[in-house]
Amino acid sequence: QVQLAESGGGLVQPGGSLTLSCTASGRTFNEFAMGWFRQAPGKEREFLATISGSGINTYYTPSLKGRFTISRDNAKDTLFLHMNNLKPGDTAVYFCAAARSPAYTTFEDRYDSWGQGIQVTVSS
């Protein structure tokens, strides 16, 4: 399995931006796809974005409407989620996850390693 650690969360005002990072160790980073998920209070965990092992292919949940961008730096074993125009509804615990293969996927059961999660709070 891959060990994952998120960073970069915190409190941000509505309309602001934040970038989350996820550092991986334990496997060769470009051999597996990565994804971002989040879980708001009282809600199920939801898929946000995924990126292939090479970093070439990405997919987003349509509801993000272009506000979030997923990227990865394979030389630094790090995944990113750049979040713009944040809204109070984006308040949640955000998780990064590593898939079993290099192909990106939206299905939670195809991810076998998860970070502990990091809190993002959007509030004035």
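Excluded from the calculations below are hydrogen atoms, water molecules and symmetry mates; all remaining heavy atoms, backbone and side chain alike, are included.
Looking at Ser17 and His82, their side chains never bring a donor and an acceptor atom within 3.5 Å of each other. Side chain to side chain, Thr78 and Asp73 fail the donor-acceptor criterion of an N or O pair below 3.5 Å.
Note that OH of Tyr104 is 12.0 Å distant from CD1 of Ile56, once rounded to the nearest 0.5 Å. Atom CD of residue Gln3 and atom CD of residue Gln116 lie 11.5 Å apart, to the nearest 0.5 angstrom. Summarising the geometry, atom CD1 belonging to Ile70 is positioned 5.5 Å from atom OG1 belonging to Thr50; distances are rounded to the nearest 0.5 Å. Atoms CG and CG, from Leu64 and Asn85 in turn, are 11.5 Å apart once rounded to the nearest 0.5 Å. For the atom pair Ile51 CD1 and Trp36 CH2, the distance stands at 11.5 Å (nearest 0.5 Å).
Within the 4.5 Å cutoff, no side-chain heavy atoms of Val120 are placed close to those of Thr91. With a 4.5 Å cut-off on side-chain heavy atoms, Met83 and Tyr94 count as touching. You'll find the side chain of Pro14 reaches within 4.5 Å of the side chain of Pro88, heavy atoms only. Two residues are said to be in side-chain contact when any heavy atoms from C-beta on lie closer than 4.5 Å; Pro102 and Ser52 fail this criterion.
Note on residues 56-124: pairs passing disulfide bond (SG atoms under 2.5 Å apart), not counting sequence neighbours, are Cys22-Cys96.
In terms of the side-chain hydrogen bond (donor to acceptor under 3.5 Å, both in side chains) criterion, Arg100 has no residue partners (sequence neighbours excluded). Shown here are the ring pair (Phe, Tyr, Trp, His ring centres under 6.0 Å) partners of Phe47, two or more places apart in sequence or in another chain: Phe37. By the side-chain hydrogen bond (donor to acceptor under 3.5 Å, both in side chains) test, Thr61 pairs with no residue at all, sequence neighbours left out. Partners of Glu31 according to the salt bridge (charged side-chain N to carboxylate O under 4.0 Å, His left out) rule, which considers only residues two or more places apart in sequence or in another chain, do not exist here. With sequence neighbours excluded, the residues that form a salt bridge (charged side-chain N to carboxylate O under 4.0 Å, His left out) with Asp90 are Arg38, Arg67.
Judged by distance alone, the side chain of Glu6 and the main-chain N or O of Gly117 form a donor-acceptor pair under 3.5 Å. Thr105 places a side-chain N or O within donor-acceptor distance of the main-chain N or O of Phe107, the cut-off being under 3.5 Å. Not one N or O on the side chain of Gln119 forms a donor-acceptor pair closer than 3.5 Å with the backbone of Gly9.
For Arg72 and Phe80, the positive end is not near the middle of the six-membered ring at less than 6.0 Å and at most 45° from its axis.
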